[in-house]
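Index from 1, following the sequence.
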Amino acid sequence: ARVQKPAAVQAFVTGSSAVEVETTRALIRDQLVMTPVVLALIALALFATFRSVQGVLLPMAAVGTSVIWTIGVFGWLGKSADMMASVIPITLLVYGVVDPVFVYTRYMHHIDAGLSGEPALLTALRELMLPCFLTSLSTTLGFLAFGTATLPTISNFGLIVGVGVALAF
């Protein structure tokens, strides 16, 4: 910018840094479109499964809270958006909705069997706490293992998603 170039000459910034910046911008734009689409698809699948607003809102609230907390942790740690970080919200939506679906399904099973609200919920939680904990723990540890990668993008992705899965539990 400080050097005058002839009018017929075009200058371009190239290299891996320029590619990463442009790719990250494109991925973030894509996520602004795809995240609502994924949310809508998950909501439709939940509604088709449970046939109730409650069956949609409870799992979505649980996973939404964990995504918001994870984004807060991401910012608190001073991480910046890059190619891998742009897929963190979608990844957490997929992994984070599983446990609430299991618990809600078991809760509804107990309601259908004649238990009232709170006893049905406590029974469902008692039955599923250990399995949900173990699956969340193994998924968390799997993602945290990426923290040992030498590439910062991969390492950050693993650490943040690992924390996010733990928060989702």
Asks: How close do Ser155 and Gly147 get, counting heavy atoms only, and between which atoms?
Replies: OG-O, 3.1 Å
Asks: Checking one residue: Leu57. Which other hydrophobic residues are in its cluster under the side-chain 4.5 Å linking rule?
Replies: Val53
Asks: Could you report the tightest heavy-atom contact between Ala43 and Val56, atom names first, then the distance?
Replies: O-CG2, 3.7 Å
Asks: Should Leu144 and Val94 be regarded as members of a common hydrophobic cluster, given that ILVMFWY residues are connected when their side-chain heavy atoms come within less than 4.5 Å of each other, either directly or indirectly?
Replies: no
Asks: Can you get from Leu128 to Val165 by hopping between Ile, Leu, Val, Met, Phe, Trp and Tyr side chains that sit under 4.5 Å apart?
Replies: yes
Asks: I need the minimum non-hydrogen distance between Ser138 and Thr135, along with the two atoms involved.
Replies: OG-O, 3.0 Å
Asks: For the atom pair NE2 (His109) and CG (Leu115), what is the distance rounded to the nearest 0.5 Å?
Replies: 9.0 Å
Asks: Measure the shortest side-chain to side-chain distance between Leu46 and Leu58 over non-hydrogen atoms and say whether it is less than 4.5 angstrom.
Replies: no
Asks: So how far is it from Leu39 CG to Ile90 CD1, rounded to the nearest 0.5 Å?
Replies: 7.0 Å
Asks: Which pair of non-hydrogen atoms, one from Ser66 and one from Ala168, has the smallest distance, and what is that distance?
Replies: CB-CA, 3.4 Å
Asks: Any chance CZ of Phe50 has more than 12 other-residue heavy atoms, nucleotides or ligands included, within less than 6.0 Å?
Replies: yes
Asks: Looking at Thr35 and Leu32, would you say the former's side chain and the latter's main chain have a donor-acceptor pair under 3.5 Å?
Replies: no
Asks: For Phe143 and Thr91, run side chain to side chain contact (heavy atoms under 4.5 Å, CB included): C-alpha distance rounded to whole Å, both residues' side-chain angles, the deciding distance at 0.1 Å, then the answer.
Replies: CA-CA 11 Å; Phe143 278 110; Thr91 305; 4.1 Å; yes
Asks: First locate atom CG of Leu167, then atom CH2 of Trp69, and finally report the distance between them rounded to the nearest 0.5 Å.
Replies: 6.5 Å
Asks: Is there a chain of hydrophobic side chains (I, L, V, M, F, W, Y, each step under 4.5 Å between heavy atoms) that links Leu130 to Leu137?
Replies: yes
Asks: State plainly whether one hydrophobic cluster holds both Phe47 and Met108, where clusters connect Ile, Leu, Val, Met, Phe, Trp and Tyr through side-chain heavy atoms under 4.5 angstrom apart.
Replies: yes
Asks: Do Met34 and Leu44 share a hydrophobic cluster (ILVMFWY, side-chain heavy atoms under 4.5 Å, transitive)?
Replies: no
Asks: Calculate, to the nearest 0.5 Å, the distance between atoms CD1 and CG belonging to Ile88 and Leu93 respectively.
Replies: 12.0 Å
Asks: Answer yes or no: are there more than 12 heavy-atom neighbours, outside Tyr95 itself, under 6.0 Å from its atom OH?
Replies: no
Asks: Please step through side chain to side chain contact (heavy atoms under 4.5 Å, CB included) for the pair Val103 and Leu125, ending with a clear verdict.
Replies: CA-CA 7 Å; Val103 171; Leu125 288 173; 3.8 Å; yes
Asks: What heavy-atom pair brings Gln54 and Pro59 nearest, and what distance separates the two atoms?
Replies: O-CD, 4.0 Å
Asks: Look up atom CZ in Phe169 and atom OG1 in Thr139, then write down how far apart they are to the nearest 0.5 Å.
Replies: 11.5 Å
Asks: Rounded to the nearest 0.5 Å, how far apart are CD of Glu118 and OG1 of Thr123?
Replies: 10.0 Å
Asks: Which heavy atom in Gly55 sits nearest to a heavy atom in Tyr104, and how many Å separate them?
Replies: CA-CE2, 3.5 Å
